[in-house]
**Q** 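Take this structure first; my questions come after.
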Amino acid sequence: MKKIIAVITVIFALALVWAGDYPVFSGPLLITSAGQSAGAVQLKVLSTKAKIKFEYDGVAKAEKLSSFKSVMIVVGASTKGLGAAGLDNDKEMARVQTILDKAKELGIPVILAHIEGASRRGSTSDKLAELIAPYSSLYIIVNSGNEDGKFNKLAEPKKTPIAFFDKVSAIQPILSEIIK
Amino acid sequence: MKRSISLFLTVLLCVSIFATVTTSQVVAGKDGMVACASPYAAEIGAQIIANGGNAVDAAVAVGFALGLVEPYASSLGGEGVMIIRTKDGQSIAIDFKSTAPGDLSKYKDPKNPAKWAKLPANGTLSACIPGIPYGLITALEEWGTMKLEDVLAPTIKLAREGFVISTTFAQTLSDNYKKLLDDPGEGTDIFTNEGLLYNEGDIFKNPVLADTLEILAKGGIDAFYKGEIADKIADFYAKNGGAITKEDLAGYKAIVKEPVVGNYRGYKVITAPPPVGGVTLIEVLNILENFNLSKLSWDDPLFVHLVADSIFLGQVDKRMYLGDAPNMPVKGLLSKEYAKSMFVKIPLDKALPRKDKIDVLTMAGEPMLYENNETFLENILAKANQKSVASEVVYESPSTTHYSVVDKEGNAVSVTQTLSSFFGGGNVIPGTGFAMNNEMQNFSTYSGSPNELISGRRPLTIIVPTIVESPQGEVLMVAGSPGSSRITSTLIQIIVNVVDLKMPVALAMKTPKFTTYDTEDSLTIEGGYPKATIEALKNYYGYNIIEKGPLDLYFGGPNIVYRYSDGTLLGIGSFRREGGASAPQW
């Protein structure tokens with residue numbers, strides 16, 4: 001029993017140290033998609049469970065940003081998702097760029113998230129990630145989408161912190177730690 | 001890597017569950033064969049045959065199993081058509097298409113109750129009365145040999161123990177995630193992992209569906225249409241603004257029909273009667289019979305052009321003349337003399353005009369002039385000219401599944417089942433574990449259309465479960481495909497590839513496909529065609545070309561059992577949808 005308690009204590013302590021490595025962002029948070037896959041909706045579900053102050057708008061426009069203090073852009077290109085939203089690759093890249101420009105103008109920090117693994121690492125997803133990365137203060141990444149170290153490379157120039165997770169469900173606790 | 005692990009786990013699980021059958025994407029055997037969109041379902045069917053069941057027993061087991069392992073493509077809440085060819089050559093079609101509810105007042109335009117509103121593609125008003133339980137149980141009772149509880153048992157067990165989620169399953173969940181989250185029913189509870197997406201390689205269980213199947217096993221058709229399950233369905237729709245009532249469910253019946261039968265260069269084609277696509281399949285083959293396709297190759301732009309325009313004309317006729325109405329000119333549409341009148345419309349050096357240039361319904365033929373065995377010559381001499389009722393465009397979506405079964409006695413079954421869209425209207429009936437269809441969108445709201453929305457009628461769709469006999473009168477191929485508008489075009493190309501181009505069936509399935517449709521202005525072509533072919537189609541014939549990737553699921557996922565003359569059966573699961581084939585060990 002003592003051993004179990006000791007292990008739990010160590011894990012808990014490590015978790016605190018780990019959580020402390022990441023910047024804290026002010027809410028309310030705007031969650032939007034870059035590529036219209038299901039990733040952004042999953043972060044909406046996680047944020048609801050984490051009870052943080054946020055709004056989800058998968059096709060948010062730049063003007064919306066003025067009501068928020070941080071923005072999370074969830075990368076994942078889906079041909080079907082883009083089609084259903086009346087978008088194509090070029091339109092989506094342009095929409096995301098206007099959000100990034102507006103965030104920079106307003107001084108709103110950007111969080112890049114990629115949580116759908118290798119299945120959302122096609123060329124369009126990579127282009128969107130490359131577009132968003134330089135503007136981002138934190139990456140939230142599920143490991144199966146980074147087997148080639150893509151996000152480590154993107155983070156390198158600005159030494160952007162990356163929160164890595166094995167499973168999507170593991171992201172929930174950190175959300176309430178980093179969004180205040 | 002993950003895909004390999006997933007496949008390994010799938011095979012391992014299958015092997016551990018059933019030790020007396022062999023399962024893979026391509027399997028040969030002599031004692032029966034099942035091919036479908038899931039190795040799990042294929043294996044369940046093969047095990048039924050290994051246990052002494054016939055092809056109908058196996059098909060019914062597979063039909064229910066697919067509702068578990070491919071719950072987005074078919075379910076107890078869906079519909080379908082089954083073609084049976086018995087060992088003595090008798091052919092039967094069981095139409096278990098869904099039907100429109102009795103009270104259609106909710107579909108009226110609120111501003112103008114004399115008119116229909118746009119028929120919904122999602123939500124509680126999008127559903128028709130489901131037919132799969134009635135159809136499968138009817139088949140089992142009339143042509144099977146086993147008890148319902150015995151054919152349901154493997155699926156109930158698998159639903160409780162779980163199975164490995166495939167790439168297609170995970171991808172489809174992801175594509176329909178928001179739809180499931182928005183469901184006022186139990187879409188989130190059943191098909192998400194505590195609100196999040198399941199991933200490829202995860203284990204999926206559906207104990208709620210297992211409970212429902214146990215109720216069905218004990219109570220049969222009445223349990224679903226009049227008993228506990230009917231109560232749950234009717235209660236859900238009453239509380240959530242739907243139209244389906246318990247009376248609608250109690251009034252539902254599957255219909256046993258004559259299949260439609262054609263002949264393509266000596267090969268008998270037995271396929272599905274209206275209101276689905278068999279008539280169109282035969283009409284197109286009849287048109288193609290007038291061309292000497294065997295002198296061409298699959299990648300010859302002339303071959304693509306001739307087949308594409310024949311398909312296009314068949315689809316125009318389907319929209320104009322077919323549905324669930326009396327007095328449709330089916331005999332005319334199936335007439336080889338009528339096919340000549342369509343054949344002469346196809347120019348050899350350019351594509352027929354599509355919807356961007358013309359009202360395509362003006363391209364429809366006049367099959368009513370061939371209803372009494374009139375010849376092409378008689379009709380051109382008479383210069384017949386008759387105007388027809390226009391029809392509106394009907395949306396059709398890709399969620400469908402097909403399975404093919406042959407047993408060692410020679411009974412053959414070809415079935416296509418669907419929910420219309422993936423996960424249908426996005427409503428999972430609470431306490432049942434299955435999604436309901438969204439077939440309402442497939443009706444026409446145009447008055448006078450043979451596909452007009454009328455209570456109790458069945459919507460026009462494109463499915464074509466088919467059995468092809470060799471010129472010697474033996475089963476050659478049991479075939480069908482999901483894929484919406486691509487179902488007909490893909491199946492036609494497979495038949496032509498086998499019959500005209502003499503391809504082995506696996507190659508016929510794998511060879512790149514193309515499709516064209518009367519509601520589109522394009523020729524959509526799969527990756528793998530030579531650049532020169534595409535350039536010729538675009539720049540010489542004038543097609544608006546849309547290119548897809550190689551082996552793209554867009555072109556459907558045919559699952560075929562092919563029978564060689566020595567009786568060897570080759571089962572091939574879809575190359576485009578991780579399909580599987582399974583057979584009793586040989």
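Here is how names work: the chains are called A, B, and so on, in the same order as the sequence lines, proteins then strands, and each is numbered from 1. In this text, all values refer to a predicted model and were calculated from it rather than measured experimentally.
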**Q** NZ/K44(A) to CG/L181(B) distance, rounded to the nearest 0.5 angstrom?
**A**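 Going from the NZ atom of K44(A) to the CG atom of L181(B) covers 7.0 Å.
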**Q** Considering only heavy atoms, which portion of E194(B) lies under 4.5 Å from any heavy atom of chain A: side chain, backbone, both, or neither?
**A**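 Interface part for E194(B): both.
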**Q** Please report the shortest heavy-atom distance between S169(A) and L196(B), naming the atom on each side.
**A**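 In this case the closest contact between S169(A) and L196(B) is CA-CD1, 3.6 Å.
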**Q** To check you understand the geometry: which heavy-atom pair defines the closest contact between D175(B) and S78(A), and what is its length?
**A**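 Heavy atoms of D175(B) and S78(A) come nearest at OD1-OG, 4.3 Å.
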**Q** Which atoms of V45(A) come close to chain B, meaning under 4.5 Å heavy atom to heavy atom: side chain ones, backbone ones, both, or neither?
**A**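 Just its side chain gets close to chain B.
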**Q** Could you check whether atom NZ of K64(A) has more than 12 heavy atoms from other residues, nucleotides or ligands sitting under 6.0 Å from it?
**A**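 Atom NZ in K64(A) is crowded, with more than 12 foreign heavy atoms closer than 6.0 Å.
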**Q** Rounded to the nearest 0.5 Å, what separates atom CZ in F422(B) from atom NZ in K80(A)?
**A**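 NZ of K80(A) is found 5.5 Å from CZ of F422(B).
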**Q** Kindly check if the number of other-residue, nucleotide or ligand heavy atoms within 6.0 Å of NZ (K127(A)) is above 12?
**A**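 Not buried by this count: 12 neighbours or fewer within 6.0 Å.
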**Q** Counting only non-hydrogen atoms closer than 4.5 Å, does L173(B) touch chain A with its backbone (N, CA, C, O), its side chain (CB onward), both, or neither?
**A**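 No part of it gets close to chain A.
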**Q** Drop me the distance from Q36(A)'s CD to K178(B)'s NZ, to the nearest 0.5 angstrom.
**A**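 The CD atom of Q36(A) sits 11.0 Å away from the NZ atom of K178(B).
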**Q** Around K53(A), counting heavy atoms of other residues, nucleotides and ligands shown, do more than 12 lie under 6.0 Å from its NZ?
**A**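 Atom NZ in K53(A) is not packed in, count stays at 12 or less.
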**Q** How close do L197(B) and Q42(A) get, counting heavy atoms only, and between which atoms?
**A**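 Looks like N-OE1, 2.9 Å.
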**Q** Does a side-chain heavy-atom distance below 4.5 Å link R120(A) with S174(B)?
**A**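 The answer is yes; the side chains approach within 4.5 Å.
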**Q** Does any backbone or side-chain atom of K49(A) lie under 4.5 Å from a heavy atom of chain B? Answer side chain, backbone, both or neither.
**A**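 For K49(A), the side chain is the part near chain B, not the backbone.
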